[in-house]
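In what follows, chains are A, B, ... by sequence order, proteins preceding strands, each numbered from 1.
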Amino acid sequence: MTCVHLEVLPWLSRYFVAERSGRVVLEREVSDGAMVRDLLEEIASQNQELKEVLFDAKTGRLTSHISLTLNGRFLELTGGLEARLKGGDTIRLMPSIGGG
Amino acid sequence: MEEQQKSYGGKFLRVDLTSGRIWSEQLDEESYRKHLGGTGYGAKVLYEEVPPGVEWSDPENRLIVASGPLGGTRVHGSGTVSVITKGPLTHGAAASQANGFLGAYMRLNGLDGVVFQGAAEHLQYLYIHDGEAELREAGHLTGVDTWGMIDLLAEELGVDERQLSIFGIGPAGEKGVRFAAFVGDRGHVAGHNGIGAVMGSKRLKAIVARRASGPVPVYDREALAEVAETLFRRIADDPVAQEGVYRWGTLRGVARSVQGGTGTLPVKNYTTSIYNISPQEVETWDGPYLQEHYVSRRHNCWVCRFQHGTIFAITEGPYKGFVGEEPEYEQFAAFGPLIGNTNVEAAIVLANECDRLGLENNELGWVMGLVMECYEKGILTQEQLNGLDMSWGNIEAVRALMRKIAHREGVGDLLAEGVMRAAQAIGGEAVNFAIHTLKGNTPRGHDHRARWTEMFDTATSNTGTMETGGMVLMPLDALQAIGVEGPPDMFSGLEVSTFNAQTKGAMLFEDSLGVCRFNTRTDMLYLPKAVNAATGWDMDPQEALRAGQRAVNLLRAFNICHGISPELDVPSRRYSSTPLDGPAAGVSIQPLWEEMLAYYYRLLGWDERGVPRRETLEALGIGQVADDLGV
């Protein structure tokens with residue numbers, strides 16, 4: 001097992017910490033060689049509403065409601081959902097921002 | 001059961017400012033269903049009535065201000081108008097929207113919109129009331145800003161301001177600033193591609209519509225009320241949407257971008273993607289702080305339940321006594337990170353001053369960014385800038401320069417030409433710093449190097465601003481209703497161009513209805529249902545999309561006929577440069593551009609030069625355009 005940091009920005013953080021909508025940083029244990037998808041599926045399995053926010057039920061792809069970075073770079077540029085996690089990695093989960 | 005009478009509106013006022021003649025025309029139902037109101041109707045008028053050779057400032061240019069079949073109904077936010085003309089930044093079509101009340105009040109007066117042609121000898125305004133309209137002298141409003149204009153007109157007409165919708169131009173429009181805006185109802189702007197300058201060239205100061213008793217034509221009121229509620233509930237009950245614009249408007253945009261490290265803030269003219277601001281300062285840019293400290297009263301638009309659209313007041317400190325509208329994200333972006341400012345109160349004040357002067361805030365922000373970078377690098381001197389120290393973050397200098405631009409005084413005269421032309425006039429390295437498309441317009445207030453869908457849209461658009469829109473935030477089932485599986489990989493050139501082509505038409509359909517995008521989210525599932533309830537039609541999402549595509553193709557054809565070569569579907573060097581830092585550092589769209597364009601043109605049914613093919617135009621019921629294009 002290895003430990004990664006999951007940083008969740010408001011308002012998504014309310015799915016992780018009751019009665020709080022600020023920024024939270026959580027330590028998560030993942031198995032060696034786990035992918036970002038594994039981590040997200042694991043947290044989604046604990047909350048149906050969060051699951052719907054994260055994944056499109058029809059396609060299994062991430063929805064456009066959220067945006068992710070892995071160690072400060074967009075997930076799309078770091079291997080996407082199949083990117084392998086290693087100890088100390090930081091995954092930041094944040095709401096997408098609308099507008100032009 | 002007695003058959004309900006079909007009722008769709010479609011009456012437009014025609015105003016010839018040269019002769020003072022006013023008349024109306026009724027669009028037949030077939031044409032109305034084909035083109036709708038707003039941008040769709042405007043595209044039709046512009047294409048049919050403004051031939052090549054007519055310039056933006058020519059009296060023969062048209063200025064169309066239009067609501068649509070949902071305007072003034074119970075659909076939330078249905079006071080919106082779309083404004084269409086030939087604009088001075090691109091010398092091509094302009095289409096831009098403003099929320100507020102004007103669309104609703106025009107519809108309550110029995111009108112879907114107004115088409116202006118000609119040019120008055122002296123400054124005038126149009127007053128619509130009791131189902132009638134008249135032109136009135138406006139010489140006494142010369143030089144008056146867009147807030148003072150409302151004070152004076154409400155007083156002159158002896159009508160409570162809440163019963164009036166007033167949109168017009170400030171000094172910038174009167175002086176022909178190329179990015180002058182159409183501003184009204186204290187905080188709403190249709191600003192892109194110099195609509196205010198066109199209005200100024202026609203010597204039209206304002207449009208005033210007095211609330212009337214209606215009724216607004218609706219085929220089935222009960223059904224429309226139900227769809228309106230569904231549209232609203234799809235936002236209010238959606239955990240994603242309810243924490244977004246519904247709750248905060250766009251107030252959290254800057255803070256969330258900083259906290260998330262999204263790389264999408266436009267920082268110091270794209271010289272970096274990192275906004276150097278402390279966590280304590282960031283908090284002051286966030287929704288909770290702003291709402292707690294500055295909101296003095298609600299200032300909602302027509303039938304809007306969102307918790308934004310407020311009047312701000314500053315009660316202490318250097319800006320004590322300030323009263324103005326709640327800024328939108330793009331204003332915060334322009335007067336915050338873009339100019340290197342971290343003081344939120346200064347941004348609030350600058351945003352309001354920009355609106356009052358009648359300037360479009362995005363272009364103004366990019367102009368300031370260009371000037372500040374040129375100043376930092378010694379390309380522009382303090383002497384050339386009329387003594388102004390244009391160091392990053394110098395609020396008072398920005399304020400002074402903004403006024404010079406609006407009045408075309410000193411160096412402001414040069415900068416009033418907009419980013420592209422100003423950079424060319426400054427010369428040398430300045431052209432490499434300028435953020436714009438090769439058509440001459442500028443992007444919305446983001447760093448699109450981390451948002452390729454928007455950059456591709458902005459550069460290929462025919463409207464002088466975005467034309468496809470931020471469809472990645474469209475409800476997923478609505479996207480799927482028009483055959484799109486889901487959002488693209490934001491850094492895949494082909495996925496981005498495919499997504500933009502597949503969703504093309506949705507935004508212009510929405511902009512043809514007289515509704516606010518925040519409220520209706522380009523909901524291609526429920527907006528056609530709303531149109532059907534309002535008109536008695538049986539439009540499905542595919543027909544709705546085709547209506548929007550018809551407008552896209554008409555505007556495309558208009559631009560081509562007016563000399564805008566598709567070779568200009570390209571961002572400037574700096575606009576498409578490679579970010580040096582932030583989450584998209586080192587990634588560039590430039591090497592992919594040509595392939596993206598080719599793919600996009602093909603999917604839209606355009607040839608390899610970006611010209612619509614005859615069969616594409618015929619399929620949209622505008623085959624006659626093919627003859628004009630020679631295809």
Side-chain angles (χ1 to χ4, degrees), chain A residues 5-16 20-25 36-37 44 47-83 89-100, chain B residues 238-245 247 250 252-257 259-264 286-288 328-330 333 362 443-446 448 450-451 454 457-458 465-466 469-474 476-477 479-480 485-492 517-518 521 581-587:
Chain A
H5 309 288
L6 177 64
E7 190 178 342
V8 189
L9 296 193
W11 46 271
L12 288 168
S13 52
R14 69 181 182 190
Y15 294 117
F16 296 84
R20 182 171 168 185
S21 60
R23 171 196 189 114
V24 295
V25 182
V36 174
R37 177 187 292 283
N47 186 313
Q48 182 59 28
E49 199 178 334
L50 176 61
K51 187 177 181 180
E52 288 168 15
V53 170
L54 292 178
F55 291 106
D56 172 21
K58 200 168 164 186
T59 63
R61 291 178 67 158
L62 290 173
T63 71
S64 55
H65 302 310
I66 55 148
S67 196
L68 283 152
T69 58
L70 175 58
N71 298 326
R73 264 178 94 65
F74 284 118
L75 190 65
E76 293 92 327
L77 301 173
T78 48
L81 287 170
E82 278 65 48
D89 277 350
T90 297
I91 299 99
R92 184 181 290 159
L93 179 60
M94 57 194 152
S96 294
I97 295 163
Chain B
D238 175 349
V240 177
Q242 72 185 200
E243 284 293 338
V245 292
R247 174 69 185 85
T250 56
R252 305 195 83 168
V254 169
R256 280 183 168 179
S257 299
Q259 291 156 354
T262 61
T264 52
D286 204 353
E328 296 292 342
Y329 160 81
E330 288 178 4
N362 287 302
R444 311 293 282 264
H446 290 97
H448 285 166
R451 282 173 90 121
E454 277 87 339
D457 180 16
T458 305
T465 180
M466 291 170 69
M471 293 303 126
V472 290
L473 292 184
M474 191 199 282
L476 194 59
D477 55 357
L479 260 183
Q480 288 163 353
E485 200 174 72
D489 174 337
M490 297 299 276
F491 294 95
S492 158
R517 201 172 335 284
F518 286 168
R521 297 197 297 168
D581 48 28
V587 178

> Hey, are Arg444(B) and Glu454(B) close enough for a salt bridge, meaning a charged N less than 4.0 Å from a carboxylate O?
Replying inline: no
> Where do Arg521(B) and Asp238(B) land on the salt bridge (charged side-chain N to carboxylate O under 4.0 Å, His left out) test, with the steps shown first?
Replying inline: CA-CA 12 Å; Arg521(B) 297 197 297 168; Asp238(B) 175 349; 3.6 Å; yes
>> Under a 3.5 Å distance rule, please check whether Asp286(B) uses its side chain to pair with a backbone N or O of Arg252(B) as donor and acceptor.
In response: no
> What part of Leu62(A) lies closer than 4.5 angstrom to a heavy atom of chain B: side chain, backbone, both or neither?
Replying inline: backbone
> Highest number of heavy-atom pairs under 4.5 Å with chain A: which of Gly586(B), Gly582(B), Ala584(B), Gly486(B)?
Replying inline: Ala584(B)
>> Donor-acceptor check, side chain of Asn71(A) to backbone of Thr90(A), threshold 3.5 angstrom: yes or no?
In response: yes
> What residues of residues 49-56 of chain A sit under 4.5 Å from chain B when only non-hydrogen atoms are counted?
Replying inline: Glu49(A), Val53(A), Asp56(A)
> Would you say the side-chain atoms of Thr78(A) pair up with the backbone N or O of Phe74(A), donor to acceptor, closer than 3.5 Å?
Replying inline: yes
>> Taking the side chain as everything from C-beta on, heavy atoms only, tell me whether Asn47(A) gets closer than 4.5 Å to Phe16(A).
In response: no
>> For Ser67(A), which atoms come within 4.5 Å of any heavy atom of chain B: side chain, backbone, both, or neither?
In response: neither
> Is it the backbone or the side chain of Gln480(B) that comes under 4.5 Å from a heavy atom of chain A, or both, or neither?
Replying inline: side chain
> Using 30° and 60° as the class limits, which term best fits the ring planes of Trp11(A) and Tyr15(A): parallel, tilted or perpendicular?
Replying inline: perpendicular
> Do Thr59(A) and Glu485(B) have side-chain N/O donor and acceptor atoms under 3.5 Å apart?
Replying inline: no
